[in-house]
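Below is one structure, written out as structure tokens; comments come after it.
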Amino acid sequence: MASGLQSYCKPCVLAYEREKYGGSCRKPGARSRYYRQTYGLTLEQLDELAERQGRRCAICSKESQLVVDHDHDTGEIRGLLCPQCNRCLGLFQDNVGLLVAATMYLMAAKDVLVEAGGLRG
Ligand SMILES: [Zn+2]
Ligand SMILES: [Zn+2]
């Protein structure tokens, strides 16, 4: 169960531990400390980011409790996502090739490629 955790980057480990030790922060200031420690973000910056996205998920545009999505190699913040989309990227290991392949698969299944025409030359 614990194995594999070492493959997570710092923000992931911090998020994991935060959940393990009781999820929501009770102490005032704990939330801002969490984002500063984990992502190097102030709550103001976080809010600005959310505002820039219209407080919607960057993928599905759903209004939701947004979570910070980050590049696990660099720790760099990519944007804010709903928990579902964020989890989805995680399941695909942020692998663009896999995500494109999944898209192609779904499109092919719906015959969208044929209807769109010309995509196969
Ligand atoms: Zn989403
Ligand atoms: Zn990570």
Side-chain angles (χ1 to χ4, degrees):
M1 177 81 186
S3 75
L5 188 65
Q6 65 268 29
S7 68
Y8 284 65
C9 63
K10 188 185 167 209
C12 288
V13 172
L14 285 173
Y16 169 82
E17 295 196 333
R18 179 170 165 256
E19 271 178 34
K20 199 167 86 178
Y21 296 114
S24 62
C25 305
R26 288 168 215 100
K27 286 185 202 158
R31 186 164 173 264
S32 84
R33 199 157 48 237
Y34 166 75
Y35 282 108
R36 206 169 50 232
Q37 272 182 5
T38 312
Y39 302 108
L41 271 185
T42 64
L43 285 183
E44 287 75 22
Q45 286 172 313
L46 189 71
D47 202 57
E48 200 184 300
L49 208 58
E51 192 61 49
R52 221 184 302 163
Q53 289 186 198
R55 305 198 178 275
R56 289 166 184 273
C57 170
I59 293 177
C60 69
S61 299
K62 202 163 62 186
E63 274 187 88
S64 169
Q65 178 77 41
L66 297 173
V67 299
V68 179
D69 173 53
H70 64 274
D71 187 309
H72 298 281
D73 295 327
T74 64
E76 216 170 287
I77 292 158
R78 289 187 293 225
L80 302 179
L81 298 176
C82 73
Q84 216 173 353
C85 289
N86 187 49
R87 195 168 148 65
C88 208
L89 287 188
L91 290 175
F92 277 98
Q93 294 143 42
D94 297 348
N95 187 316
V96 176
L98 274 182
L99 286 163
V100 170
T103 308
M104 298 296 276
Y105 167 78
L106 289 175
M107 286 172 81
K110 282 187 176 176
D111 267 346
V112 173
L113 283 181
V114 177
E115 279 173 32
L119 275 179
R120 289 181 181 271

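Both counts, for ligands and for their atoms, begin at 1 and track the order of listing. Just so it is clear, the structure is predicted and the values come from calculations on it, not from any experiment.
- Here C88 does not reach the Zn ion (ligand 1): none of its N/O/S atoms is less than 2.8 Å from the metal.
- Remark: Q45 CD is packed, more than 12 non-hydrogen atoms of other residues, nucleotides or ligands lying under 6.0 Å away.
- Around the Zn ion (ligand 1), the angle linking C82 (SG) with C85 (SG) is 100°, rounded to 10 degrees.
- The name of the N, O or S atom in H72 nearest to the Zn ion (ligand 2) is ND1.
- A distance of 11.5 Å separates CG in L41 from OG in S32, rounded to the nearest 0.5 Å.
- Looking only at N/O/S atoms, H70 comes nearest to the Zn ion (ligand 2) through NE2.
- Y39 and H70 have tilted rings, their planes meeting at an angle from 30° to 60° on a 0 to 90° scale.
- Salt bridge present: R55 and D47 bring a charged side-chain N and a carboxylate O closer than 4.0 Å.
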